[in-house]
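Below, chains carry the letters A, B, ... as their sequence lines are ordered, and counting in each starts from 1. Note that this is a predicted model, so its numbers are computed, not measured. Computed over heavy atoms, backbone and side chain alike; hydrogens, waters and symmetry mates excluded.
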Number of protein chains: 2
Amino acid sequence: MVSANGHHGDQRDGSRGAKLAAMPPRAPRLSASARRASIIDAGRFVFARRGYEATSVEEIAERAKVSKPVIYEHFGGKEGLYAVVVDREMDYVVRRISEAIAQGGPRERLEQGALAFLTYVKDHPDGFAILAHDAPAAGGGMLSLLSDLGVRVSEVFTASFKAAGYDARAAPIYGHALVGMVTFVGQWWTTARKPPIEEVATHIAALAWMGLRRLPKRPTSIGKRAG
Amino acid sequence: MVSANGHHGDQRDGSRGAKLAAMPPRAPRLSASARRASIIDAGRFVFARRGYEATSVEEIAERAKVSKPVIYEHFGGKEGLYAVVVDREMDYVVRRISEAIAQGGPRERLEQGALAFLTYVKDHPDGFAILAHDAPAAGGGMLSLLSDLGVRVSEVFTASFKAAGYDARAAPIYGHALVGMVTFVGQWWTTARKPPIEEVATHIAALAWMGLRRLPKRPTSIGKRAG
DNA sequence: CCTGAAACCTACTCGTCCGTAGGTAGAAGG
DNA sequence: CCTTCTACCTACGGACGAGTAGGTTTCAGG
């Protein structure tokens, strides 16, 4: 049963210029790269709201105003599109933060870095949601894509710790702590939207800075209670 | 076409005592509550690895050594089981942390709280994974179930801030920052497993304590650079 | 006007998975 | 031995979603 009924394709209306059905004018064709971009936008939108598993390619297609095969043509499949979306976002945040901490004293860099991240959270909430969500193959190990960011920050910290004479083995703790702080507060901020991000960044930077600055060479436990 | 072939059910082997096929002995029947418990265990296991969307009820059934309808009998469905699993875990962590911070001075409570959480991460990695993952209806607002914990900690902080004369509006920032720190570091620890949790807790508590203790009444930004 | 390639479509196939219908097996009490 | 209640099962219905086959429309360049 191949091609059972004869009217394949989209004839739109009966004859070329007829406006009988008042059908909305078909959107103009896009170039490959333009269509790619529009699909990425739609994908980011849907992935951010539904999460990877729960999004259907069809919903993305619908939002991008194309049919499914177009997506498969451009990205090979759901996972391919997801990979591109994630990569773009990751690249964007890292670039922004890198710019922010390129110069200045330690504390200034800390505050500017936090502010850069929170600005991203504010201006690109969908991207942030995707990065904060689980990766597709959750079993692998990463809870969120942002773990990667934690590693990068930890590397920076390791260098600084060594230079300052602290125990370098503790650096990843502080690196991940910082990223976790900013991420979680950023997440909260998206719902609260209360103090402006500049203020939030200042608080976070103060917390982290004071905590780091006053750190003893080897932190000592306060000791466990009797109970 | 109802009951097409006559051999419904499980006859096991031909006659009662025959051991011809060497079939493994059927597991004994369990009471309703015991079966419930075993299903909850299986559910936690699978949900933790696959995430909510990607887990199939059948995989849970298989792991619990029962057939699907048993799960539907006990929990009404996938979402019902998930709700029970999450509720149990949430209850467990909150209880542990509450016990840990029930007495002692501020800093001691801080360190004991962090240690309690990290102990949970270490001893109940599956539960932690579930709490750190997305909720089913991701669109609602919560990134992770732990946001709820952030709110609770924020409430504690708000009270303390008021008492100490700090700006109470900033309390949620510090509350969420603390939870984010511990969560993210805990996540990292599950893969690194390097410094013992007691040491990690000490570091985190030191960071948070020093940061909080030396906090000015109103943190001032370091100011933006010229660039 | 013609041609060919690029963009785009409809209409499937195939697999998976939630949830259920309707039955069997075993234990406790008469 | 018979009844009955509870635990448990096999087998399906129905929906949905990833990915594909094979066609049609538009447009640039001759």
Please determine if A/Arg36 and A/Glu73 form a salt bridge, counting it only when a charged side-chain N lies under 4.0 Å from a carboxylate O.
-> no
Figure out the CZ/C1' separation between B/Phe75 and D/dC8, and round it to whole Å.
-> 15 Å
Between atom CD in B/Glu53 and atom P in D/dC16, what is the gap in whole Å?
-> 15 Å
Choosing from D/dA18, D/dT6, C/dA7, which nucleotide comes nearest the side chain of A/Ala32?
-> C/dA7
Taking the six-membered ring of B/Phe45 as reference, does the NZ or CZ atom of B/Arg49 fall below 6.0 Å from its centre and within a 45° cone about the axis?
-> yes
Take B/Glu58 and A/Thr55, find for each the nucleotide of DNA chain D with the closest heavy atom, and name the residue whose nucleotide sits nearer the 5' end.
-> B/Glu58
Can you figure out which of D/dC8, C/dT20, D/dC9 approaches the side chain of B/Arg29 most closely?
-> D/dC8
Could you give the CD1-to-C1' distance, from B/Ile39 to D/dC8, as a whole number of Å?
-> 11 Å
Side-chain atoms of A/Arg35 come closest, of C/dC18, C/dC8, D/dC9, to C/dC8
The nucleotide from D/dA21, D/dT6, C/dG19 with an atom nearest the side chain of A/Pro69 is D/dA21
Please give, in whole Å, the distance from D/dC16 P to A/Lys78 NZ?
-> 15 Å
Checking D/dC12, D/dG17, D/dC8 against the side chain of A/Ser56 (C-beta onward), the nearest is D/dG17
Any donor and acceptor pair, going by atom type alone, linking the side chain of B/Lys78 with main-chain N or O of B/Tyr52 inside 3.5 Å?
-> yes
Quick one: B/Tyr82 OH to C/dC17 P, roughly how many Å, whole number?
-> 18 Å
Against the side chain of B/Lys68, the closest entry in D/dC12, D/dT10, D/dT26 is D/dC12
Spacing of B/Leu81 atom CG relative to C/dC18 atom C1', expressed in whole Å = 14 Å
Under 4.0 Å between a Lys/Arg side-chain N and an Asp/Glu carboxylate O for A/Asp91 and A/Arg88?
-> no
Just one of B/Lys68, B/Arg50, B/Arg63 clears the salt bridge (Lys or Arg N to Asp or Glu O under 4.0 Å) bar with B/Glu58, so which one?
-> B/Lys68
Between C/dC17 atom P and B/Tyr72 atom OH, what is the distance in whole Å?
-> 11 Å
Could you tell me the separation between the CZ atom of A/Arg36 and the P atom of C/dA6, rounded to a whole number of Å?
-> 16 Å
